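A short worksheet on the structure shown next.
Whatever order the structure lists ligands and atoms in, that order sets their numbers, starting from 1. The figures here come from the full heavy-atom set of this structure, side chains too, leaving out hydrogens, waters and symmetry mates. Since we're looking at a predicted model, the values are computed, not measured.
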Amino acid sequence: MELEKLNLPGIDSSKRPMVIAGPCSAETEEQVLSTAHSLAAKGIKIFRAGIWKPRTKPGGFEGIGEQGLPWMKRVKEETGMLIATEVATPKHVELALSAGFDLLWIGARTSANPFAMQDLADSLNGVDIPVLVKNPVNPDLELWIGAMERLNNAGIKRLGAIHRGFSSYDKTMYRNLPQWHIPIELRRRYPELPIFSDPSHIGGKRELVAPLCQQAMDLNLDGLIIESHCNPDAAWSDAKQQVTPDILDYILNLLVIRNEKQSTENLAELRKQIDECDNQIIDILSKRMRVAREIGQYKKEHNMTILQTGRYSEILEKRGAQGALCGIGSNCVKNIFEAIHEESVNQQMEIINK
Ligand code: PEP
Ligand code: MN
């Protein structure tokens, strides 16, 4: 890919993080303007708002549409912030360009669709505007890169990526799994490509925004795109994950921006790794419980007892030996698996007695 710097007016792209903030959706003129003025007062320079919203099911709020374009123009005129929105069709591109948007992004459902991406690339051919491409909903790095290549082939050189996490069937603490190794691999392949992280859509809840911002910064990503709303609880979309401009400011002020060159062998770094390991342990445990429940269902249908003694002893023995090989005390491993097994049995009991 032939890449150039994003070159956003008034934004120093070497100063991490570049921040894009604003509501998930433009809802009313008051909501847009009030959020924008508060964000501008906190020093935010790029304002986001979804005008067209891709929704999983019909009947929900699908964005205010064209009606919201003049509101965004007002944001630009009154606050001097740059304005950004999501485009999913050539019609959106046409309308966004004539409304004077400074930055466009392509959503996760669109970047997963090569036909849609090609249509968008064709509609942007010859236009000089920076475009950010969200990762596709599924964890497919090639598809993500392919989406960006289509734009690049159409002459879009000011490109960036947005890491917004990947959907998963398993219930996890995240709305979309971060799978950090994917943006890390993207960085390895295209060191010049700016990468933003979207903690709002990864976390899906307010409490996760701050730690995810910190993780993104610790991985040396370039920017953050964060959903912020003047009254998050009343938001028409993604209410749980939006934060007020005040909270956003607080989160940004608390961020520790580490120097890439500095040694990372300090306690805070190691504790973060422990947190990450613990998160993975919890995710994997929840996956194991799901399988246990499926087994419970099978046992119920086949009139089998829950406890199959042979199987239980085999698990304890095998896992104990595995643990010993990895330098973990076999008693410790045995205790952990006893507790896990106990919980599996409880979950299966619930299914059988339903
Ligand atoms: C959004 O940014 O509001 C959005 C719809 O995100 P995504 O495409 O990542 O789901
Ligand atoms: Mn959203």
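Not a single heavy atom of G50 sits under 4.0 Å from any atom of ligand 1.
Per-residue contacts place E227 under 4.0 angstrom from the following atoms of ligand 1 (heavy atoms of the residue considered): 1 (C), 3 (O). Within ligand 1, the atoms closer than 4.0 Å to a non-hydrogen atom of R164 are 7 (P), 9 (O), 10 (O), numbered from 1 in the order shown. Per-residue contacts place C24 under 4.0 angstrom from the following atoms of ligand 1 (heavy atoms of the residue considered): 3 (O). Those atoms of ligand 1 that come under 4.0 Å of a heavy atom in K53, given as number and element, are 1 (C), 3 (O), 5 (C).
For E78, the CD atom counts as densely surrounded, since its 6.0 Å shell holds more than 12 non-hydrogen atoms of other residues, nucleotides or ligands.
Distances between N or O atoms of H201 and those of ligand 1 include at least one value under 3.5 Å. For ligand 1, none of its N or O atoms has an N or O atom of D238 under 3.5 Å away. Between P54 and ligand 1, no N or O atom pair is found at a separation short of 3.5 Å. Any N or O atom pair closer than 3.5 Å counts here, and R109 shares at least one such pair with ligand 1.
When distances from the Mn ion (ligand 2) to the N, O or S atoms of E227 are compared, OE2 comes out shortest. When the Mn ion (ligand 2) is compared with the N/O/S atoms of D238, atom OD2 turns out nearest.
At least one side-chain heavy atom of L252 sits less than 4.5 Å from a side-chain heavy atom of I226.
Here K53 does not pair with D238 in a salt bridge; the nearest charged N to carboxylate O distance is not below 4.0 Å. Electrostatic pairing of E269 and K272 does not count as a salt bridge here, judged by no charged N lying under 4.0 Å from a carboxylate O.
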